[in-house]
Protein chains: 2
Amino acid sequence: MATPDVPDIVIGRLPLYLRALNQLEAEGQEITSSHELADQLDISSAQIRKDLSHFGEFGKQGTGYNIEFLAAQIERILQLEQVWHVALVGVGDLGRALAGYNGFQHRGFRITHIFDNDPDIIGTQVSEFEVLPYARLQEVVSEADILMAMIAVPADKAQGVCDTLVKAGVKAVLNYAPTKLRAPSDVHVQDIDPVIHLQHMSYYLTT
Amino acid sequence: MATPDVPDIVIGRLPLYLRALNQLEAEGQEITSSHELADQLDISSAQIRKDLSHFGEFGKQGTGYNIEFLAAQIERILQLEQVWHVALVGVGDLGRALAGYNGFQHRGFRITHIFDNDPDIIGTQVSEFEVLPYARLQEVVSEADILMAMIAVPADKAQGVCDTLVKAGVKAVLNYAPTKLRAPSDVHVQDIDPVIHLQHMSYYLTT
DNA sequence: TAGATTGTTAATCGATTAACAATC
DNA sequence: TAGATTGTTAATCGATTAACAATC
């Protein structure tokens, strides 16, 4: 690997840069600068340049960055040149919303299998998917070599789901259940809990 | 104010502490320690003690923390003793999932109004809400003194929605649209974009 | 008392920023 | 050339951690 040991906090900003670049590109712009990106993202231009410098030199002095080129480089760095297959566990309201979301495909991901343990839901059609029985989760995910999964089940079921996913070989989990999951250190887990964000912001409210 | 200028990164961890405490409480435990919390949360015990020390002394040497007491203190600090009213804009699949989510109420928040601009949806019933016309967003939110909102509309509509919310007096926005919003500095904005998390984790995948 | 854990200080670590030579 | 912007270094800033006296 040409890029040893880049801080995780830097990796975490690359998707934000990519999203901003895609937006500029969609607006027909061809060139941007660290200053313009900084302005869009509320990040300092120095930080953007420093972050990118971990991976190579992508700009031209005096000119800036070619948007299409830089976006392609970030996609390469993040391994987004392929489309990752993702399993979704839990077909409640949130699971349905995720199953129907169109925004995954062109940003590097595709849900390929969805699972639930409710007999009334198993076998039904949700978006383009047939809901598979939770009992088959490990077998199917393992067989299909799926490395990423999203958990959209109640909090008290999430750890069990996570354990099964890990056994099936999943290495990245996006957890929507409002609970902290335990997983081996080679498995990445990130959480989405709207209440955590609301509670964070409520600190600052004045009435 | 008794608590001037606590770093935002500390505030952001308080909801995680609270969630862990609630979980321990639900399991019937009465006392915990910074070490046990640290173990649950993958945060160092020193950091937990330091974070809490910004706000007062909540533990007993040799014993630890009374869970119920500490949870109550964190709720007070985060201003969660009241239930904040929240407006939801956008009644697509995700909006429906949020409207139907039971997890808000007991953690300090209640969706009170939901809006959409689709004539086919306006006036229909979604969970316990009647969908209000987007045209009335500013008036209703302003009138009801709502300070928090969630945006669940397509990316290209999000900034306009945000602007209207700001005009209506909203001071905290949870944005589900995959785009960076601009808002005055006294308005807090936090983003939830699953793809950002997936892209972050895909960096670490090996095949 | 002996053992455990807090709250806090000081040291360490790492991230951000300022500044500028290089150069397009 | 003059103006602009990169990539990078060194300085600054802030967050995390280690360690321990206080004390339950």
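Chain identifiers are assigned alphabetically (A, B, ...) following the order of the sequence lines, protein sequences preceding nucleic acid strands; residue numbering begins at 1 within each chain. What you see is a predicted model, and the numbers here were worked out from it, not measured in a lab.
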> Between D/dG7, C/dT5, D/dT16, which nucleotide gets closest to the side-chain atoms of B/Lys50?
Replying inline: D/dT16
> Can you tell me how far P of C/dT16 sits from CG of A/Leu41, to the nearest Å?
Replying inline: 14 Å
>> It should be established whether A/Arg13 places a side-chain nitrogen or oxygen under 4.0 Å from OP1 or OP2 of nucleotide C/dT16.
In response: yes
>> Output the rounded distance in Å from CG (A/Asp51) to C1' (C/dT17).
In response: 12 Å
> Charged N to carboxylate O under 4.0 angstrom, B/Asp39 versus A/Arg182?
Replying inline: yes
>> I want to check one thing: is the phosphate of C/dT5, taken as OP1 and OP2, less than 4.0 Å away from some side-chain N or O of B/Ser34?
In response: no
> How many Å lie between CD1 on B/Ile43 and C1' on D/dA15, as a whole number?
Replying inline: 13 Å
>> For a quick check under 3.5 Å, do B/Gln47 and B/Asp51 share a side-chain donor-acceptor pair by atom type?
In response: no
>> Main chain of A/Arg76, side chain of A/Glu81: is a donor-acceptor contact present, judged purely on distance under 3.5 Å?
In response: no
>> Under 4.0 Å, heavy atom to any atom of DNA chain C: which of residues 56-65 of chain B qualify?
In response: B/Glu57, B/Phe58, B/Gly59, B/Lys60, B/Gln61, B/Gly62, B/Thr63, B/Gly64, B/Tyr65
>> Measure CG/A/Asp8 against P/C/dG14 and give the value in whole Å, please.
In response: 13 Å
>> Can you tell me which nucleotide in D/dT5, D/dG7, C/dT17 comes closest to the side chain of A/Ser33?
In response: D/dT5
> Mind checking whether B/Arg96 and B/Ile121 have side chains closer than 4.5 Å, heavy atoms only?
Replying inline: yes
>> Are more than 12 heavy atoms, taken from residues, nucleotides or ligands other than B/Gln105, located less than 6.0 Å from that residue's CD atom?
In response: yes
> Distance from B/Leu18 atom CG to B/Leu70 atom CG, nearest 0.5 Å?
Replying inline: 8.5 Å
> Taking CD from A/Glu36 and P from D/dA4, how many angstroms apart are they, rounded to a whole number?
Replying inline: 15 Å
> Between atom CG in A/Asn66 and atom P in D/dT5, what is the gap in whole Å?
Replying inline: 15 Å
> Aromatic rings A/His113 and A/Phe115: how do their planes relate, parallel, tilted or perpendicular, breaks at 30° and 60°?
Replying inline: parallel
> So what does the secondary structure string of DNA chain C come out as, 5' to 3', with Watson-Crick or wobble pairs under 3.5 angstrom, [ ] for crossing and | for pairs with another strand?
Replying inline: ..||||||||||||||||||||||
> How close or far is atom C1' of D/dT17 from atom NE2 of B/His35, stated in whole angstroms?
Replying inline: 13 Å
> With distance as the sole test, does B/His197 use its side chain to make a donor-acceptor pair with the main-chain N or O of B/Pro194 at under 3.5 Å?
Replying inline: no
> Among the nucleotides D/dT16, C/dG7, D/dT8, which one has an atom lying closest to any side-chain atom of A/Arg49?
Replying inline: D/dT8
>> Please report the distance, rounded to the nearest Å, between CD1 in B/Ile48 and P in D/dT17.
In response: 11 Å
> Measuring from A/Asn117:CG to A/Arg136:CZ, what's the distance to the nearest 0.5 Å?
Replying inline: 15.0 Å
